[in-house]
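Structure first, then comments.
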Amino acid sequence: MLEERSVEVILAGQAETGAYLACPDFGPYRFSWFRDGSFIADAMSRVGEVDSAERFFDWCAAVIEERADVVRSGGHLHARYTADRRESLADWPTFQTDGYGLWLWALRGHCGRHGRPDARWLPAVELTVEYLRRRGADACVHWWEERSGHHAATLASIAAGLEAWGEPAELPEPEDRLDASLLALPLLGRGEAPLDELEARLVSPGGGVHRHEEDTYYGGGEWLLLTAMLGLAYRLDGRLEDAHATLAWVEAHATPDGRLPEQSQDHLLAPAWYEPWVEKWGPPPCPLLWSHAMHLTLAAELGRFGH
Ligand code: BGC
């Protein structure tokens, strides 16, 4: 069963410190992102892997508590850290606020789902709330680490996290731009995704989902995690057959040994950009733990998981 394989791959990619490495086999992704990790912990929680999820939440809490001075002095926290909780020195944008909202959201969901006491995380939750109050309205780099602005998925992630803990979210209006990260809105309980427009412009003829129309990263393929998010949006919209079709699409893109890549190359938006990325960083990331996480979440929501 691919569900069991997804759990195995995620556990294998979890460091002893609790961090989930985004892709343990891909140098530039040997970090733990708050965004990827929160969706991964949320998925593990949904399928009953309580200990794994809590080890990640402990890692998040330690990262934040170690930076209490940064938070209190109005500084910026990073989007990703090494497994042993150091800032990464990679030349890549680091200021993203969505992950701090997402960890609050995933943690609250987990505690409610399993009736777990939240006391051990409360100091870090309070610091995160303070951080988001101070910095949550700032323009920052969007989910795909390319453009800075007020992005709908980022603001929805922050709002979902604050509201999960009963904190008001006073945030700016997002810019109006079509991006498949909007598919997270229904999952985060923050409204609907523009499904008609997404289907017309970002869902490929084969059924996979592109990030946005200008994507050139590894040629701009279809992302498995976004295709699973489309399935979750279909499910919430009552389109069960379509939801099952997205699950089948994701599973059809597993390697023979059951690993899920970041993207597929069936239909590239910018094919000329595929090779230059391979020359720079090697073959595209696989397995991507976030792909496995969204596979698990969709499978669980469609009643396919044994727990
Ligand atoms: C994506 C990020 C993601 C990171 C690790 C990047 O290519 O743009 O959203 O957090 O990979 O998976």
Are there more than 12 heavy atoms of other residues, nucleotides or ligands under 6.0 Å from atom CD of E8? yes
For W59 and Q14, which I'm curious about, is there any donor-acceptor pair between the side chains at under 3.5 Å? no
Do the ring planes of F34 and W103 sit parallel (below 30°), tilted (30 to 60°) or perpendicular (above 60°)? perpendicular
Looking at R120 and D58, is any side-chain nitrogen of the basic one under 4.0 Å from a carboxylate oxygen of the acidic one? yes
L240 and L302, any side-chain heavy atoms less than 4.5 Å apart: yes
V9 side chain reached by L260 side chain, heavy atoms, under 4.5 Å: no
Tell me, with the steps shown, if C286 and D25 meet side-chain contact (heavy atoms from CB on, under 4.5 Å). CA-CA 7 Å; C286 182; D25 302 338; over 6 Å; no
In terms of heavy-atom contacts, E199 and R239 come closest through OE2-NH2, 2.9 Å
Does the side chain of E173 come under 3.5 Å of the side chain of H150 through a donor N or O and an acceptor N or O? no
From M294 atom CE to S6 atom OG, the distance as rounded to the nearest 0.5 Å: 11.5 Å
When you look at CH2 of W144, are more than 12 heavy atoms from neighbouring residues, nucleotides or ligands closer to it than 6.0 Å? yes
Looking only at the side chains, is there a donor atom on one of H212 and E146 sitting less than 3.5 Å from an acceptor on the other? yes
Chi angles and distances behind the side-chain contact (heavy atoms from CB on, under 4.5 Å) call for L107, W165: CA-CA 10 Å; L107 175 64; W165 291 87; 3.7 Å; yes
Heavy-atom pair with the smallest gap, counting every atom of A43 and A293: CB-O, 3.3 Å
Students often mix this up, so state it plainly: with edges at 30° and 60°, are the rings of H151 and H142 parallel, tilted or perpendicular? tilted
Hey, could you give me the CD/OG1 distance between Q263 and T227, rounded to the nearest 0.5 Å? 10.5 Å
Do the non-hydrogen side-chain atoms of H295 and R5 ever get within less than 4.5 Å of each other? no
Is there a side-chain contact between E175 and R147 in this structure, where contact means two heavy atoms from C-beta onward sitting under 4.5 Å apart? yes
In terms of heavy-atom contacts, V47 and A300 come closest through CG1-CB, 4.1 Å
So H267 and H210, would you call those rings parallel, tilted or perpendicular, with 30° and 60° as cut-offs? tilted
L224, I40: one ILVMFWY side-chain cluster at the under-4.5 Å cut-off? no
Hey, does the side chain of T128 reach the backbone of A124 with a donor-acceptor pair shorter than 3.5 angstrom? yes
Would you say the side-chain atoms of Y131 pair up with the backbone N or O of Y100, donor to acceptor, closer than 3.5 Å? no
So how far is it from L162 CG to R133 CZ, rounded to the nearest 0.5 Å? 7.5 Å
Flag for D179-W143: side-chain donor and acceptor within less than 3.5 Å: no
Give the minimum heavy-atom separation between T97 and C140, together with the two atoms involved. OG1-SG, 3.3 Å
Looking at A106, is its backbone amide N or carbonyl O close enough to the side chain of S38 to form a donor-acceptor pair, meaning the two atoms are under 3.5 Å apart? no
Quick one: pull up CZ in R30 and SG in C23 and give me the separation to the nearest 0.5 Å. 9.0 Å
Flag the pair M229 / W223 as yes when at least one side-chain heavy-atom distance between them is below 4.5 Å, and no otherwise. no
L296 and L187: same hydrophobic cluster, using ILVMFWY side-chain contacts below 4.5 Å? no
Looking only at heavy atoms, the pair that brings G74 and R135 closest together is O-NH1, 2.5 Å
So, the side chain of S291 versus the backbone of P261: is there a donor-acceptor pair under 3.5 Å, distance only? yes
Ionic contact status for R108 with E163, cut-off 4.0 Å: no
Verify the cluster assignment for V209 and W249: are they in a single hydrophobic cluster under the rule of side-chain heavy atoms below 4.5 Å apart? no
Between E65 and R85, does at least one N-O distance fall below 4.0 Å, as a salt bridge requires? no
side-chain contact (heavy atoms from CB on, under 4.5 Å) assessment of R116 paired with F57: CA-CA 12 Å; R116 300 288 291 161; F57 296 138; over 6 Å; no
According to a 4.5 Å side-chain heavy-atom criterion applied to Ile, Leu, Val, Met, Phe, Trp and Tyr, with indirect links allowed, do L269 and L230 form part of one hydrophobic cluster? no
I want to check something: taking the side chain as every heavy atom from C-beta on, are Y20 and S52 in contact at a cut-off of under 4.5 Å? yes
Would you check if E3 and E251 make a side-chain contact, meaning some heavy-atom pair closer than 4.5 Å? yes
Y274 vs P284 side-chain heavy atoms within contact, under 4.5 Å: yes
From W105 CH2 over to H110 NE2, what is the distance, rounded to the nearest 0.5 angstrom? 13.0 Å
Shared hydrophobic cluster, Y29 / L289 (ILVMFWY, side-chain heavy atoms < 4.5 Å): no
Minimum heavy-atom distance I10-M44, with the two atoms named: CG2-CE, 3.6 Å
Stepwise, does the side-chain contact (heavy atoms from CB on, under 4.5 Å) test hold for F31 with H78? CA-CA 12 Å; F31 296 101; H78 283 202; over 6 Å; no
Can you tell me how far apart CD (E241) and OG1 (T246) are? Round to the nearest 0.5 Å. 12.0 Å
